[in-house]
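Data block below; observations after.
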Amino acid sequence: MPANLPPQYYEAEERYRLAKTNQEKLAILKKMWAIMPKHKGTDKLQGDLKAKISQLKKEIQKKKKTGKSTYSRHVDKQGAAQVVIIGSLNVGKSQLVASLTNATPEVAPYPFTTHEPLVGMMSFENIKIQLVDTPPITDEFIEPWLPEIIKYADYVILVVDLGSEDILEEMDMVLKKLDESRIRLTAKEEEVENDELSDKFCKKTMILGNKSDLEGAEERFQMLKELHGENFSIVSVSAKNLEGLEELKKKIYEELNIIRVYTKEPGKPADMMDPIVLKKRSILIDAARVIHKDFAYKLKYAKMWGSSKFSGQQVDRNHPLEDGDIVEFHL
Ligand SMILES: Nc1nc2c(ncn2[C@@H]2O[C@H](COP(=O)(O)OP(=O)(O)OP(=O)(O)O)[C@@H](O)[C@H]2O)c(=O)[nH]1
Ligand SMILES: [Mg+2]
């Protein structure tokens, strides 16, 4: 009986040849195992594959015991906020970053394309938001430095594949892997703000269903909303066909809970292209601090246009700020 293997098997095999780490190799072998039809014609192959998988597992265990160092891949923040894109294999994380930013990460039909964090800047109206593409999280492996990147970021986008039958399992797997690293992904602001009360590090997260162009995507999107809609904001896009991306950008901005405040000098118009970005519920003195440390001390009062009762109203240092406010500082 001929083995009759599907083309995906040969793609995975090629990928296996190029794989750099044992963890990657193991994940690919498991994928090959899943793809391989189980019948008499593949008996020998099945045996070989099993042996390889078990050998690799042993090697990985041994390495763990000798305690390899886990050096960090810290990504400096740039722009108004840093958003990290995570998810399991092949869900389109890199395609998303390629479609939303000026960056050109490698996008490919096989798993484990991305090995390192890669940064792109996404424009939204008059600000820029930094996106960080990351390697996949699998049941077998998570890059040891990835949890630190997630903890440091301002916001997380967990990408899932709306074309995949295993969408729920894959999402749960990612949540579980992060839970093991003591990270809880949540949409709930209260949890994030009070996470010192929890034994977990809580991170505000959106679930992004990608590949909305594929068959069955709409049903899976509805199912996700039903099952997880209470705990997460859930958005659907096609990163490849550029569908839903404008709504996504707006949603990211809203979820970041930031405001833009503009400054002006007396007698001149405000520079509406260069906002100061602050957390929601910031006050005047916070804006002053961003401009200069000394500014906050020297500030006597400010005039304000926007959310104040009347235009050009004189306000004090504790005055609350809102998105779109214009302030004129007086020292
Ligand atoms: N149909 C469809 N395919 C997509 C979409 N986005 C990405 N893909 C395809 O999915 C495959 C994987 O895309 P990547 O962006 O490399 O996925 P990834 O999540 O970065 O993969 P890893 O880095 O290996 O984890 C590629 O073949 C893409 O062309 C989409 O919106 N629709
Ligand atoms: Mg990738």
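Remember, it's 1-based here, ligands and their atoms both numbered in the order they're listed.
At least one N or O atom of Val91 sits closer than 3.5 Å to an N or O atom of ligand 1. Of the N or O atoms in Val237, none lie within a sub-3.5 Å distance of an N or O in ligand 1. Considering backbone and side-chain atoms together, Ser212 places no N or O closer than 3.5 Å to any N or O of ligand 1. Backbone and side-chain nitrogen or oxygen atoms of Pro135 are examined, and none is located within less than 3.5 angstrom of a nitrogen or oxygen of ligand 1. By the 3.5 Å distance cut-off applied to N or O atoms, Asn90 is counted among the residues near ligand 1. Taking any N or O of Asn210, backbone or side chain, at least one lies under 3.5 Å from an N or O belonging to ligand 1.
Residue, atom and distance of the protein heavy atom nearest to atom 28 (C) of ligand 1 are Val107 CG1, 3.7 Å. In this structure, atom 27 (O) of ligand 1 lies nearest to the protein heavy atom Pro109 CA, 3.2 Å. The nearest heavy-atom contact from the protein to atom 19 (O) of ligand 1 is Lys93 NZ, 2.7 Å. At the shortest separation from atom 30 (C) of ligand 1 among protein heavy atoms lies Lys240 CB, 3.3 Å. Ranking the protein heavy atoms by distance from atom 32 (N) of ligand 1 puts Asp213 OD1, 2.7 Å first. Remark: minimum distance from atom 9 (C) of ligand 1 to any protein heavy atom is reached at Lys211 NZ, 3.9 Å.
Shown in contact with Phe112 at under 4.0 Å from a heavy atom are these atoms of ligand 1, numbered in order with element: 24 (O). Those atoms of ligand 1 that come under 4.0 Å of a heavy atom in Ala108, given as number and element, are 11 (C), 12 (C), 13 (O), 16 (O), 26 (C), 27 (O). In summary, the atoms of ligand 1 found under 4.0 Å from a heavy atom of Tyr110, numbered by their order in the structure, are 24 (O). Near Thr114, with a cut-off below 4.0 Å to any heavy atom, the atoms of ligand 1 are 20 (O), 23 (O). Of all the atoms in ligand 1, the ones that sit under 4.0 Å from a non-hydrogen atom of Gln95 are 6 (N), 7 (C), 15 (O). Atoms of ligand 1 lying under 4.0 Å from any heavy atom of Leu214, numbered from 1 in the order shown and given with element: 1 (N).
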For this session: Take Phe232 and Met206 through the side chain to side chain contact (heavy atoms under 4.5 Å, CB included) test and state the conclusion after the steps.
Result: CA-CA 6 Å; Phe232 294 102; Met206 162 199 301; over 6 Å; no
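Leu248 has its side chain within reach of Leu96: a pair of non-hydrogen atoms, C-beta onward, lies under 4.5 Å apart. Phe201 is not listed as a side-chain neighbour of Arg184, based on a closest heavy-atom distance of 4.5 Å or more. The side-chain heavy atoms of Val327 and Lys264, taken from C-beta on, include no pair separated by under 4.5 Å. Using a 4.5 Å heavy-atom threshold, the side chains of Val174 and Met171 count as separate. Contact annotation: the side chain of Glu226 never approaches that of Met223 to less than 4.5 Å [non-hydrogen atoms, C-beta and beyond].
The one candidate from Leu100, Leu162, Asn210, Leu242 that meets the side chain to side chain contact (heavy atoms under 4.5 Å, CB included) condition with Val237 is Asn210. The only option from Ile157, Val84, Leu158 that meets the side chain to side chain contact (heavy atoms under 4.5 Å, CB included) definition with Thr205 turns out to be Leu158.
Tyr152 carries Lys77 over the face of its six-membered ring, with the cationic atom under 6.0 Å from the centre and within 45° of the normal.
Ring planes of Phe124 and Tyr253: parallel class, angle under 30° (limits at 30 and 60°).
Rounded to the nearest 0.5 Å, atoms CG (Asp271) and OH (Tyr262) are 9.5 Å apart.
Thr113 lies apart from the Mg ion (ligand 2) in this respect, since none of its N, O or S atoms is found at a distance under 2.8 Å. The Mg ion (ligand 2) has an N, O or S atom of Thr114 under 2.8 Å away, backbone or side chain.
Without hydrogens or angle criteria, Thr113 side chain to Tyr110 main chain gives a donor-acceptor distance under 3.5 Å.
The closest heavy-atom contact to atom 17 (O) of ligand 1, among the options Ser238, Ser99, Gly92, comes from Gly92.
Side-chain contact, Thr114 with Ser94: a donor N or O sits under 3.5 Å from an acceptor N or O.
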